[in-house]
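Here the structure comes first, spelled out in structure tokens, and everything after it is commentary.
Order of listing sets the numbers, starting from 1, for every ligand and every atom in it.
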Amino acid sequence: MPTIQLDNLIKRYGEVEVLHGIELEMADNEFTVLVGPSGCGKSTTLRMVAGLEDVTEGEIYVDGKPVSHLEPKDRDLAMVFQDYALYPHMNVAQNISFALRLARRPKAEVHAKVKEVADMVGLTDFLHRKPGALSGGQRQRVAMARALAKDSGIFLFDEPLSNLDAKLRGQLRAELALMSQRVEKNMIYVTHDQIEAMTLADRIVVMHGGYIQQQGSPEALFKRPVNKFVAGFLGMPPMNFLNGEIKEEAGDVFVKGNGFSLRLQDEKAQAAKAHRVREVVLGVRPSDLVFDAEAPSDQALTLDVMVSEYVGAQSVLLCQCGADQVTVEMNSETPMALGQTLRFRITPNRVHLFDRESEDAIQSK
Ligand SMILES: Nc1ncnc2c1ncn2[C@@H]1O[C@H](COP(=O)(O)OP(=O)(O)OP(=O)(O)O)[C@@H](O)[C@H]1O
Ligand SMILES: [Mg+2]
């Protein structure tokens with residue numbers, strides 16, 4: 001499989017610069033997900049790789065060779081778009097085999113390829129249907145099969161699941177994860193959905209405002225986000241943020257805010273002590289807050305429950321902690337009333353600290 005490298009990619013539309021020097025290296029057979037909010041430059045990056053947008057500055061290398069001067073058809077890639085772009089007058093088999101027939105491949109080869117990829121995405125029983133007689137999910141699979149049939153080394157997806165309802169999305173996400181294990185291709189997948197990114201990616205690239213904020217494995221980004229943006233973007237429900245100040249008392253390091261005083265430990269205490277700025281933001285994920293009436297006050301948040309959202313085995317509670325809102329999760333069977341004050345233990349090594357001004361994470365290197 002080819003390796004792909006983006007070297008200081010810059011994109012300008014007239015005077016407006018929308019990508020400010022994207023540096024990215026994708027290893028062999030890697031599933032890379034570009035994720036970020038609307039307008040951050042994900043599609044533009046992908047379209048430059050595909051050759052559908054000019055590169056203003058910088059270069060794209062595939063297997064070490066520059067490709068930005070090549071036409072899309074001369075790049076070894078296949079793309080699946082959000083709207084699938086199927087040919088309505090052709091049946092599924094004809095849609096899948098379109099590129100092969102255009103290239104005048106032998107009939108037997110075309111037939112075998114259609115069978116192979118249709119099998120792979122579960123379309124064998126639908127080969128003679130037209131797209132109009134398929135569900136959204138099935139159409140999506142045709143688009144995928146058509147791209148797979150091209151046998152390119154690089155596979156590009158731009159929000160391929162975004163037109164589907166939540167259940168189908170989940171189902172296809174799982175199928176896609178399975179498929180990506182079976183087919184050996186470099187995949188670049190664009191989405192604004194952090195759950196898709198977390199579940200599919202070998203490597204997540206978080207983008208914001210035309211910059212890469214952080215890249216790495218889902219676990220690395222979840223556990224050690226480099227800034228408040230990445231911390232708040234990945235994870236559901238999102239990380240809680242509370243304003244606080246670093247204070248040292250009798251050798252201990254605390255982060256103190258409106259309604260809480262948390263004693264930091266180990267690496268967190270060291271990093272906070274070494275940091276010159278005292279105004280910080282404390283970040284705590286809902287999953288790191290555990291209901292515990294007995295928790296010591298320097299290891300806990302005391303919360304007033306405002307709203308309880310029943311979502312099944314777990315309820316999501318929106319609470320107030322001093323001036324800040326805090327989301328926690330709690331077993332739905334636990335008796336609890338709105339307006340009640342509850343204590344939640346914090347796992348000390350799981351807290352995150354951010355410089356309030358720069359919003360960069362405060363952590364030991
Ligand atoms: N043809 C164009 N001319 C001018 N500006 C453009 C053009 N295409 C995109 N942009 C701008 O470039 C920026 C990045 O757009 P892009 O489509 O890459 O975002 P995205 O991350 O894919 O967002 P979304 O999640 O909404 O699809 C946006 O601010 C957009 O307005
Ligand atoms: Mg887009």
Taking Lys247 for its side chain and Val253 for its backbone only, find out whether a donor-acceptor pair lies under 3.5 Å. no
For the pair Arg139 (side chain) and Leu134 (backbone), establish whether a donor and an acceptor sit closer than 3.5 Å, ignoring hydrogens and angles. yes
Going by distance only, is there an N or O of Gly36 that falls short of 3.5 Å from an N or O of ligand 1? no
Check each atom of ligand 1 against the heavy atoms of Thr44 and keep those under 4.0 Å away; list them by number with element. 14 (C), 15 (O), 16 (P), 17 (O), 18 (O)
Proximal ligand 1 atoms for Cys40, defined as those under 4.0 Å from one of its heavy atoms: 19 (O), 21 (O)
How does Glu159 reach ligand 1, if at all, at less than 4.0 Å between non-hydrogen atoms: by side chain, backbone, both, or neither? side chain
Structural part of Val18 in contact with ligand 1, heavy atom criterion under 4.0 angstrom: side chain
Shortest protein heavy-atom distance from [atom], along with the residue and atom involved:
| atom | value |
| --- | --- |
| atom 26 (O) of ligand 1 | Ser38 OG, 2.5 Å |
| atom 10 (N) of ligand 1 | Tyr13 CE1, 3.5 Å |
| atom 22 (O) of ligand 1 | Ser43 OG, 2.8 Å |
| atom 25 (O) of ligand 1 | Lys42 NZ, 2.8 Å |
| atom 29 (O) of ligand 1 | Gly39 O, 3.7 Å |

Indicate whether any N or O donor in one side chain lies under 3.5 Å from an N or O acceptor in the other, for [X] and [Y].
| X | Y | result |
| --- | --- | --- |
| Thr347 | Asp288 | no |
| Ser97 | Arg101 | yes |
| Asn227 | Gln213 | yes |
| Glu53 | Tyr13 | yes |
| Glu196 | Tyr189 | yes |

Contact flag Ser43/the Mg ion (ligand 2), N/O/S atoms, threshold under 2.8 Å: yes
OG of Ser152 to CZ of Arg75: how many Å apart, nearest 0.5 Å? 13.0 Å
Any protein heavy atom nearer than 4.0 Å to atom 18 (O) of ligand 1: yes
